[in-house]
Structures are given as C-alpha cells and as structure tokens.
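First comes the structure, then the notes that go with it.
For reference, positions follow the sequence shown, starting with 1.
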Amino acid sequence: MTSMGWQFRLGAILLIVATLAGIWWLLDGMGMPTSLSPRAIAEWLNGQGMEGPLLLVLLMILAVVVGPIPTLPISAAAGLAFGVGSGVMLSITGATLGALIAFFLARLIGREALRSRLPDNPLFGSRGSQRLLFCTVLITRLVPIFSFALISYAAGLTAISAWRFALASLIGMLPMTVVFTNLGHSFELHPWLSTTLGGAILLVMALLPGYLKYRPHSRLARWLHLDSRD
C-alpha cells in the first residue's frame with residue numbers, strides 16, 4: 001500500500017466522520033426529538049416546513065451509519081408526516097445513502113487486509129462469488145431483526161461490488177419500508193416471527209459455507225459462480 005493510498009483513505013474516513021458529525025449537529029440544532037417514537041418524529045418533521053423531507057433523509061442516513069438508532073420507526077414517521085408514496089421514497093433514499101456510506105467506510109478501513117489474508121474465500125477473496133454475496137445481502141435485508149448498519153459494514157469487507165450491494169439493499173429493504181411507512185406507529189412485527197425467520201437465516205448462512213466447501217461442483221456452487229467474479 002503506497003503512502004498516498006493511506007493518505008487518501010485517511011482523508012476519506014475523516015471526511016465521512018466530519019459529515020456525520022455535521023448532520024448530527026444540524027439535526028440537534030433544529031430540535032430533533034429525544035424520543036424516537038414515530039409520532040414524535042413526524043410532528044417534529046411537520047413543524048420544519050419545506051426542510052422536513054431533507055431532515056428525514058439526513059436522519060435516516062445518520063440512523064443507518066451510526067447503528068444504534070433504529071430505522072423502522074423513522075420509516076413509520078415518514079409515512080405519518082409525508083404520506084405513503086413520499087414517505088417510502090424519502091426513507092429508501094436516506095437508507096440507501098446511509099448504507100453506501102457505511103459500506104465504503106468499512107471498505108476503506110478493512111477490505112484490503114481481509115482480501116490479502118483470505119484470497120480464496122468465497123466471501124472475502126478477490127474472486128468472491130457475487131451471486132452468493134448478493135443473495136446474502138438481499139435475504140438479510142428482508143428480515144428486520146438484522147442490524148441494517150451491521151449488514152452494511154460487513155458487506156463493505158466482502159468482495160461484493162458496490163452496485164450489487166446497493167441493488168440488493170434497495171430490493172431487500174423495500175417490502176418492510178412500505179409496510180412500516182403505510183401502517184406507521186400502529187405496526188409491530190411479531191417478535192416470535194422475526195426471531196424465527198432470523199434464526200433460520202442465520203442457520204442457513206452458517207451451514208452454507210461448509211456445504212459449498214465439500215460440494216464444490218454441486219449445482220448450487222455452479223450457479224453461485226464461486227470460481228468467477230461475475
């Protein structure tokens with residue numbers, strides 16, 4: 001890695017951190033509610049006039065990148081404040097931008113180290129399976145039990161291309177975003193259902209690498225293009 005390469009990475013990381021700090025400062029200065037209930041956020045957004053939609057996008061970006069801030073109540077607030085159509089568009093825009101920021105931040109920090117240490121790994125190697133990674137991101141986005149931020153950071157460390165990550169995130173987050181935006185604060189995902197789905201996906205993801213290792217010529221392995229970048 002050249003000195004200029006490290007300088008570029010460090011500069012990019014500092015720029016991202018400064019941008020996030022600026023977003024937080026702006027939202028806090030404009031009276032962002034300490035309660036993250038959808039109704040409280042919606043009332044705050046409605047009181048901001050023409051700046052409301054932009055603030056919603058910025059709040060969603062911050063929620064995705066920072067992580068502990070939940071994103072689904074913000075989607076519900078978007079529906080309450082701006083209606084279903086506009087709420088979905090604003091939520092998706094903010095979530096996608098936030099996901100890409102987290103993705104590139106992780107890629108700047110740790111991608112090269114993992115690629116050099118695991119050159120033949122189907123997830124982290126330079127010839128990682130794009131189909132496998134796309135499906136993994138897509139499936140984990142469909143179940144809200146998985147941290148949106150954690151998935152974004154983890155994906156940045158893998159071999160998945162940025163446009164495939166963005167597309168899988170967009171498709172995967174759309175159903176639940178529409179549901180939460182449409183139903184607002186009245187919607188609650190049944191904890192048993194979300195836990196069961198999440199556990200099933202985790203089990204499949206844990207067993208899949210071993211299966212592919214011992215069945216490298218199976219139909220699934222060929223479909224996933226484990227020996228190809230495409």
Side-chain angles (χ1 to χ4, degrees), residues 16 19-105 137-153 155-156 162-163 165-191 193-194 197-198:
I16 292 174
T19 300
L20 294 173
I23 292 174
W24 175 263
W25 176 81
L26 175 64
L27 295 175
D28 185 61
M30 298 193 72
M32 180 180 64
T34 56
S35 170
L36 292 178
S37 70
R39 186 163 297 280
I41 297 174
E43 291 176 354
W44 172 64
L45 292 171
N46 284 329
Q48 303 304 314
M50 296 182 62
E51 289 78 19
L54 175 60
L55 294 177
L56 184 281
V57 172
L58 293 178
L59 179 58
M60 182 64 81
I61 291 174
L62 192 65
V64 171
V65 179
V66 173
I69 304 175
T71 58
L72 293 178
I74 300 175
S75 296
L80 291 172
F82 307 115
V84 176
S86 297
V88 169
M89 291 298 297
L90 291 169
S91 297
I92 289 292
T93 299
T96 302
L97 291 174
L100 285 172
I101 291 173
F103 174 87
F104 283 115
L105 186 58
V137 173
L138 175 62
I139 292 172
T140 52
R141 290 297 196 215
L142 288 170
V143 182
I145 192 176
F146 294 102
S147 167
F148 201 96
L150 182 60
I151 296 170
S152 302
Y153 284 112
W163 74 266
F165 166 76
L167 182 60
S169 294
L170 180 63
I171 297 173
M173 79 173 83
L174 186 58
M176 293 308 299
T177 300
V178 171
V179 169
F180 273 78
T181 304
N182 185 49
L183 298 180
H185 67 285
S186 64
F187 181 83
E188 293 183 3
L189 187 66
H190 196 290
L193 177 60
S194 61
L197 290 174

Do M176 and L142 come close enough that some side-chain heavy atom pair is under 4.5 Å?
-> no

Side chain proximity check, S152 to F165, heavy atoms < 4.5 angstrom | yes

Could you list the donor-acceptor pairs under 3.5 angstrom formed between side-chain atoms of residues 72-91 and any protein atom two or more places apart in sequence or on another chain?
from: S91; atom 1: OG; to: G87; atom 2: O; distance (Å): 2.9

Could you measure the distance from the [atom1] atom of [X] to the [atom2] atom of [Y]? Nearest 0.5 Å is fine.
X	Y	atom1	atom2	result
L20	W25	CG	CH2	15.5 Å
L58	W24	CG	CH2	13.0 Å
L27	I23	CG	CD1	7.0 Å
I171	I92	CD1	CD1	11.0 Å
M60	T96	CE	OG1	9.5 Å
I61	L100	CD1	CG	10.0 Å

Closest non-hydrogen atom pair between F103 and A155, with its separation | CE1-O, 3.5 Å

Would you name the heavy atoms of G98 and V65 that are closest together and state the gap between them?
-> O-CG2, 3.3 Å

Between the side chain of W44 and the main-chain N/O of R39, is any donor-acceptor distance below 3.5 Å?
-> no

Report the C-alpha distance between F148 and T140 in whole Å, list the side-chain angles of each, state the deciding distance to 0.1 Å, and finish with yes or no for side chain to side chain contact (heavy atoms under 4.5 Å, CB included).
-> CA-CA 9 Å; F148 201 96; T140 52; over 6 Å; no

Ignoring hydrogens and angles, state whether a donor on the side chain of T177 or R141 is under 3.5 Å from an acceptor on the partner side chain.
-> no

